[in-house]
Structure formats: C-alpha cells, structure tokens
Undergrad: 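Can you keep this structure in mind? I'll have questions shortly.
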Amino acid sequence: MNRHWIVAGTLSMALAVILGAFGAHALKSSLADNMLAVYHTASQYHVYHSLGLILLGLITKSLNSRRLTEWSGYLMLIGILLFSGSLYLLAVSGERWLGAITPVGGTALIVSWALLALAVWRSA
C-alpha cells in the first residue's frame, strides 16, 4: 500500500464531492444547460480519477515497478487538475480558451492508465 496516493485520492474525492454539490445546487440555475453539462463532465472525470488514485495506492505494493506507478500517479493528478480543472473553469467563466487545456489533461489521464497497465503487466 502506498499511503500518499490513497491520501491524494481521498482528498481529491472530497474536493470532487464539494465541487459536484456546488455545481448541482449553486450553479444549476445560473449556468446554461451546455455549460452545466461541461461542469458535470468535469465532476465525473474528477471522481473516476480520484478513485484511480486510491486504487493505485492500494495495488502499488504488489507491483514491482515503482517508477511506473509513481509516474502514473503524478500524471493522474496532473490530468485531474488540467482536464477537470479546465472544464470547471470553462463552465463557470465561459472563457473558451480554457478548452485548449482540456486535451492536455485528457492525454495525461490516458498515459497514467497506460503506465499503470504496463506496471501491472511487468509485475505478473
């Protein structure tokens, strides 16, 4: 078990719940439907990848490739920040240029999962 990924994941999950509740209650009446959908996407991916960090922390000890799992975790954190963060900000601010950051975060998330898969593969 790697506690720092579990702690990062649980704190990220707490933030995801706070931001999700904020979107569902405080922003529901003030955002256009399309921007509310963007906010909802940010919230969903935030939750999924917070769970991913917790999973990473739970399985890290059983894997032989610490370097791959560390990179996976860092990229997952970066991905949450850039992907979900840019979508949260886009939804509430309407600043379209933030949408250019989202694919960078999405790429970080994809690579983080690929590195985790590689770490598992190498440990088998």
Undergrad: Crowded around Asp33 CG? As in, over 12 foreign heavy atoms under 6.0 Å?
TA: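 No, the 6.0 Å shell around CG holds no more than 12 heavy atoms from other groups.
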Undergrad: Determine whether Leu55 and Leu63 fall in the same hydrophobic cluster, where Ile, Leu, Val, Met, Phe, Trp and Tyr are linked whenever their side-chain heavy atoms lie under 4.5 Å apart.
TA: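 Linked within one cluster.
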Undergrad: I'd like to know whether CH2 of Trp71 has more than 12 heavy-atom contacts from other residues, nucleotides or ligands below 6.0 angstrom.
TA: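 For Trp71, atom CH2 is not crowded (no more than 12 foreign heavy atoms under 6.0 Å).
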Undergrad: Please report the interatomic distance CD1(Ile78) to OG(Ser112), rounded to the nearest 0.5 Å.
TA: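 Those atoms lie 10.0 Å apart.
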Undergrad: May I ask whether Met76 and Val120 are part of the same hydrophobic cluster, defined by side-chain heavy atoms of I, L, V, M, F, W, Y residues being less than 4.5 angstrom apart, directly or through others?
TA: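 Same cluster.
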Undergrad: What are the two closest non-hydrogen atoms of Gly73 and Leu53, and how far apart are they?
TA: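 Smallest interatomic distance, heavy atoms only, reads O-CD2, 3.7 Å.
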Undergrad: Which residues pass the side chain to side chain contact (heavy atoms under 4.5 Å, CB included) test with Ser84, not counting sequence neighbours?
TA: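 Once residues adjacent in sequence are excluded, the partners of Ser84 under the side chain to side chain contact (heavy atoms under 4.5 Å, CB included) criterion are Ala42, Tyr45, His46, Tyr88.
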Undergrad: Calculate, to the nearest 0.5 Å, the distance between atoms CE and CG belonging to Met13 and Leu51 respectively.
TA: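 Between atom CE of Met13 and atom CG of Leu51 there are 3.5 Å.
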Undergrad: Checking side chain to side chain contact (heavy atoms under 4.5 Å, CB included) against Leu115, which of Leu75, Ile110, Leu56 comes through?
TA: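 When side chain to side chain contact (heavy atoms under 4.5 Å, CB included) is applied between Leu115 and each of Leu75, Ile110, Leu56, only Leu75 qualifies.
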Undergrad: Pair His49, Trp113 - check side chain to side chain contact (heavy atoms under 4.5 Å, CB included), show working.
TA: CA-CA 10 Å; His49 291 89; Trp113 286 107; 3.0 Å; yes
Undergrad: Where is the tightest heavy-atom contact between Ser86 and Thr102, given as atom of each residue plus distance?
TA: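 Here Ser86 and Thr102 meet closest at OG-OG1, 2.7 Å.
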Undergrad: Is there a path from Leu98 to Leu82 through hydrophobic residues (I, L, V, M, F, W, Y) whose side chains come within less than 4.5 Å of each other?
TA: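 Result: yes, single cluster for both.
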Undergrad: Got a second to check how far Leu15's CG is from Thr10's OG1, nearest 0.5 Å?
TA: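 Taking CG in Leu15 and OG1 in Thr10, the distance rounds to 11.5 Å.
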Undergrad: Could you report the tightest heavy-atom contact between Asn64 and Ser123, atom names first, then the distance?
TA: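 Of all heavy-atom pairs spanning Asn64 and Ser123, the closest is N-OG, 2.7 Å.
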Undergrad: Among all residues two or more places apart in sequence or in another chain, which pass the ring pair (Phe, Tyr, Trp, His ring centres under 6.0 Å) test with Tyr74?
TA: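 Tyr74 satisfies ring pair (Phe, Tyr, Trp, His ring centres under 6.0 Å) with Trp5 only.
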Undergrad: Is there a donor-acceptor contact under 3.5 Å from the side chain of Tyr39 to the main chain of Leu19?
TA: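 At least one qualifying donor-acceptor pair exists.
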Undergrad: To the closest 0.5 Å, what do you measure between CG (Leu118) and OG (Ser65)?
TA: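 One finds 6.5 Å between CG of Leu118 and OG of Ser65.
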Undergrad: Please evaluate residues Asn2 and Arg66 with respect to the criterion side chain to side chain contact (heavy atoms under 4.5 Å, CB included), reporting the C-alpha separation (whole Å), side-chain torsions for both, the decisive distance (0.1 Å), and the verdict.
TA: CA-CA 10 Å; Asn2 192 323; Arg66 179 170 166 81; 3.5 Å; yes
Undergrad: Sequence neighbours excluded, which residues qualify as side chain to side chain contact (heavy atoms under 4.5 Å, CB included) partners of His40?
TA: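 Side chain to side chain contact (heavy atoms under 4.5 Å, CB included) list for His40, sorted by chain: Gln44.
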Undergrad: Are Ile54 and Ile18 linked, directly or through intermediate hydrophobic residues, by side-chain heavy-atom contacts shorter than 4.5 Å (ILVMFWY only)?
TA: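 Cluster IDs for Ile18 and Ile54 differ.
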Undergrad: Measure across Val47 and Ala16 and return the closest heavy-atom pair with its distance rounded to 0.1 Å.
TA: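 Scanning both residues completely, I find the closest heavy atoms to be CG2-CB, 3.8 Å.
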Undergrad: Side-chain heavy atoms nearer than 4.5 Å, only ILVMFWY residues, links allowed to pass through others: does that put Val104 and Leu89 together?
TA: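 The answer is yes; both residues are in one hydrophobic cluster.
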Undergrad: Any idea which heavy atoms bring Gly57 and Ile6 closest together, and the distance?
TA: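 That closest heavy-atom pairing would be CA-CG1, 3.7 Å.
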Undergrad: Looking only at heavy atoms, what is the nearest atom pair of Met35 and Leu90, with distance?
TA: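 That would be SD-O, 3.8 Å.
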Undergrad: Walk me through it: do Ile59 and Leu116 pass the test side chain to side chain contact (heavy atoms under 4.5 Å, CB included)?
TA: CA-CA 10 Å; Ile59 67 173; Leu116 182 56; 3.9 Å; yes
